[in-house]
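Notes for the one structure printed next.
Here the structure is a predicted model, which is why all the values come from computation and not from measurement.
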Amino acid sequence: MDNKLWYLSKVSIFEALAEQDLQELDQIAPMTHFDALPKGTLIQTPDTNRDGLFFIKQGKLRLYKISLEGKQFTAGILGKGNMFGEIDTFSFGTGGIYIETLEETMICSIPREQFEAFLSKRPELAMKLLAEFSTLLRERDEMLEKLAFGDLRERVLHLLLKLSEKFGIGKEDPVKIDLALTHQEIANMIGATREAVTVVLNELVRDGMLETGRKSIAVYQAASRSCLELGCKSK
């Protein structure tokens with residue numbers, strides 16, 4: 001199996017496909033590979049929606065919106081193996097938003113027409129796609145609700161907890177986030193100032209929710225979940 005087919009077999013929605021199906025997908029819907037995109041590359045704006053489905057081969061993307069006041073609000077973080085994009089049959093809800101790379105990232109695509117033809121013969125794959133879409137939209141709505149109504153401490157903790165759940169290294173507390181983040185980058189994700197975020201991060205470290213290093217953050221997940229559920233405040 002060549003590298004392309006090996007990659008497809010590792011994407012969650014294709015787990016149910018046999019190698020023969022992967023071979024057919026490779027033939028009828030050839031994947032277009034892009035060069036690695038540097039960190040901070042804006043690959044979509046509300047005015048430049050991409051047509052088709054895209055897969056993250058390596059790296060991470062941030063999906064965000066900008067308020068009327070010019071503040072950025074993160075709608076989701078996607079990593080290796082995740083999908084985004086729009087086709088007639090399905091929508092990931094990623095139209096009309098900004099998408100940028102959080103680190104060096106490589107994406108590849110399958111043209112809409114060929115993929116829809118392939119999908120029409122495989123209803124089990126269509127169901128997996130629907131489940132994937134539902135999860136993405138639920139996570140996006142939850143993130144936006146926290147950012148809209150939570151206080152700054154809750155917003156910071158919710159964001160970091162979600163990042164540790166999705167991109168954490170290891171399973172024992174504290175879980176290190178596999179993503180280098182500056183205080184300014186965290187502030188940009190939640191529509192806050194760097195100074196305010198620094199104060200909250202120091203409080204969370206003091207209260208036993210986080211451990212921090214140079215561009216590294218580890219989250220005590222059990223304590224953080226409990227804090228968010230109970231609406232805990234700074235000690």
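Residues Ser67 and Glu69 have side chains that bring a donor and an acceptor to within less than 3.5 angstrom of each other.
For Lys39, the salt bridge (charged side-chain N to carboxylate O under 4.0 Å, His left out) partners two or more places apart in sequence, or in a different chain, are Glu185. With sequence neighbours excluded, the residues satisfying side-chain hydrogen bond (donor to acceptor under 3.5 Å, both in side chains) with Ser164 are Gln221. Every residue two or more places apart in sequence or in another chain was checked for a salt bridge (charged side-chain N to carboxylate O under 4.0 Å, His left out) with Glu104, and none qualifies. Take Thr45 and apply the side chain to side chain contact (heavy atoms under 4.5 Å, CB included) test, not counting sequence neighbours, and it matches Leu42, Asp47, Thr48, Tyr98. Applying the side chain to side chain contact (heavy atoms under 4.5 Å, CB included) test to Ala196 and every residue at least two apart in sequence or in another chain returns Leu152, Thr193. The side chain to side chain contact (heavy atoms under 4.5 Å, CB included) test applied to Glu103 returns Lys60, Thr105, Leu179, not counting sequence neighbours. The side-chain hydrogen bond (donor to acceptor under 3.5 Å, both in side chains) search around Glu172 returns none, not counting sequence neighbours. For Val205, the side chain to side chain contact (heavy atoms under 4.5 Å, CB included) partners two or more places apart in sequence, or in a different chain, are Leu210, Thr212. For the salt bridge (charged side-chain N to carboxylate O under 4.0 Å, His left out) test, no residue two or more places apart in sequence or in another chain qualifies with Arg194.
Within the structure, the salt bridge (Lys or Arg N to Asp or Glu O under 4.0 Å) test picks out the following pairs touching residues 218-228 (sequence neighbours left out): Glu165-Arg225. For residues 212-224, there are no salt bridge (Lys or Arg N to Asp or Glu O under 4.0 Å) pairs, not counting sequence neighbours.
In this structure, Ile169 stands alone, with no Ile, Leu, Val, Met, Phe, Trp or Tyr side-chain heavy atom under 4.5 Å from its own, directly or through other members.
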